[in-house]
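Side-chain atoms are counted along with the backbone in the values below, which use heavy atoms only and exclude waters and symmetry mates.
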Amino acid sequence: QVQLVESGGGLVQAGGSLRLSCAASGRTFSSYAMGWFRQAPGKEREFVAAISWNVISTYYADSVKGRFTISRDNAKNTVYLQMNNLKPEDTAVYYCAADLSYTEVRRMPDYWGQGTQVTVSS
């Protein structure tokens with residue numbers, strides 16, 4: 001079992017930056033691939049970024065590539081999402097996710113956090 005708690009959301013102007021954090025419980029955090037998803041009002045949840053358990057691989061949605069960076073600190077059981085050059089269309093609830101499979105963490109992860117709101121004003 002993995003429990004995930006996101007933090008770091010908030011209100012920011014277009015062009016600004018935010019860093020989201022996701023703290024995971026459990027001693028096996030380093031075994032899990034981690035991901036970020038988001039859901040805007042009236043839209044389906046969509047994949048944002050993923051990172052493998054050993055930090056070797058990362059993967060991004062085209063909409064955030066070059067602006068967002070996913071990272072993790074296995075010693076702190078935490079995964080991060082650094083978001084730069086934010087746009088109003090990035091406004092959404094951001095969810096942290098975990099799965100033992102790097103493939104599945106990008107599609108249907110087993111574990112989800114409760115989400116944190118990010119609002120980007122124009």
Next on the checklist: Restricting to non-hydrogen atoms, name the atom on Val2 and the atom on Ala24 that form the minimum distance, rounded to 0.1 Å.
Outcome noted: CG1-CB, 4.2 Å
Next on the checklist: Apply side chain to side chain contact (heavy atoms under 4.5 Å, CB included) to residues Phe29 and Thr78 and explain how you reach the verdict.
Outcome noted: CA-CA 8 Å; Phe29 171 77; Thr78 303; 5.7 Å; no
Checklist entry - Does the side-chain hydrogen bond (donor to acceptor under 3.5 Å, both in side chains) test come out yes or no for Ser52 and Asn54, once each step is laid out? => result CA-CA 5 Å; Ser52 61; Asn54 56 7; 2.8 Å; yes
Item to check | Quiz item: cation-pi between Arg72 and Tyr32, 6.0 Å / 45° | outcome: no
Checklist entry - Which pair of non-hydrogen atoms, one from Asp90 and one from Val120, has the smallest distance, and what is that distance? => result CB-CG2, 4.3 Å
Checklist outcome for this item: Between Met34 and Leu4, the two heavy atoms sitting closest are CE-CD2, 3.9 Å
Checklist entry - Within the distance-only criterion (no hydrogens, no angle test), does the side chain of Asp99 pair as donor or acceptor with the backbone N or O of Asp110 below 3.5 angstrom? => result yes
Checklist outcome for this item: The reported gap from CD1 in Ile70 to CD in Gln82 (rounded to nearest 0.5 angstrom) is 12.5 Å
Checklist outcome for this item: One should read off an interatomic distance between Gln114 CD and Cys22 SG, to the nearest 0.5 angstrom, of 8.5 Å
Next on the checklist: Working note: Thr91 + Gln117, criterion side chain to side chain contact (heavy atoms under 4.5 Å, CB included); need CA distance, chi angles, decisive distance, verdict.
Outcome noted: CA-CA 8 Å; Thr91 294; Gln117 176 70 47; 4.0 Å; yes
Next on the checklist: Taking NZ in Lys65 as the centre, count heavy atoms belonging to other residues, nucleotides or ligands within less than 6.0 Å. Is the count above 12?
Outcome noted: yes
Checklist entry - Checking side chain to side chain contact (heavy atoms under 4.5 Å, CB included) for the pair Trp53/Ser31: CA distance, chi angles, key distance, verdict? => result CA-CA 5 Å; Trp53 67 272; Ser31 300; 5.7 Å; no
Item to check | Which atom of Ser17 lies closest to which atom of Asn84, heavy atoms considered | outcome: OG-OD1, 2.9 Å
Checklist entry - How about Val118 and Met83: do any of their side-chain heavy atoms sit closer than 4.5 Å? => result yes
Next on the checklist: Hydrophobic clusters here meaning ILVMFWY residues chained together by side-chain heavy-atom distances under 4.5 Å, can you tell me if Leu81 and Val5 are in one?
Outcome noted: no
Next on the checklist: Which residue is it: Gln39, Arg38, Glu6? I am looking for the one with a side chain to side chain contact (heavy atoms under 4.5 Å, CB included) to Tyr94.
Outcome noted: Arg38
Checklist entry - If you take all heavy atoms of Asn77 and Ser25, which pair is closest and at what distance? => result ND2-C, 4.5 Å
Checklist entry - If you draw a 6.0 Å radius around CD in Gln3, do more than 12 non-hydrogen atoms from other residues or ligands fall strictly inside? => result no
Item to check | Closest heavy-atom pair and its distance - Tyr80, Asp73 | outcome: CE1-CB, 4.2 Å
Next on the checklist: Could you list the cluster mates of Val93? Members are the ILVMFWY residues connected by side-chain heavy atoms closer than 4.5 Å, either directly or through other members.
Outcome noted: Phe37, Phe47, Tyr59, Tyr95, Tyr102, Val105, Trp112
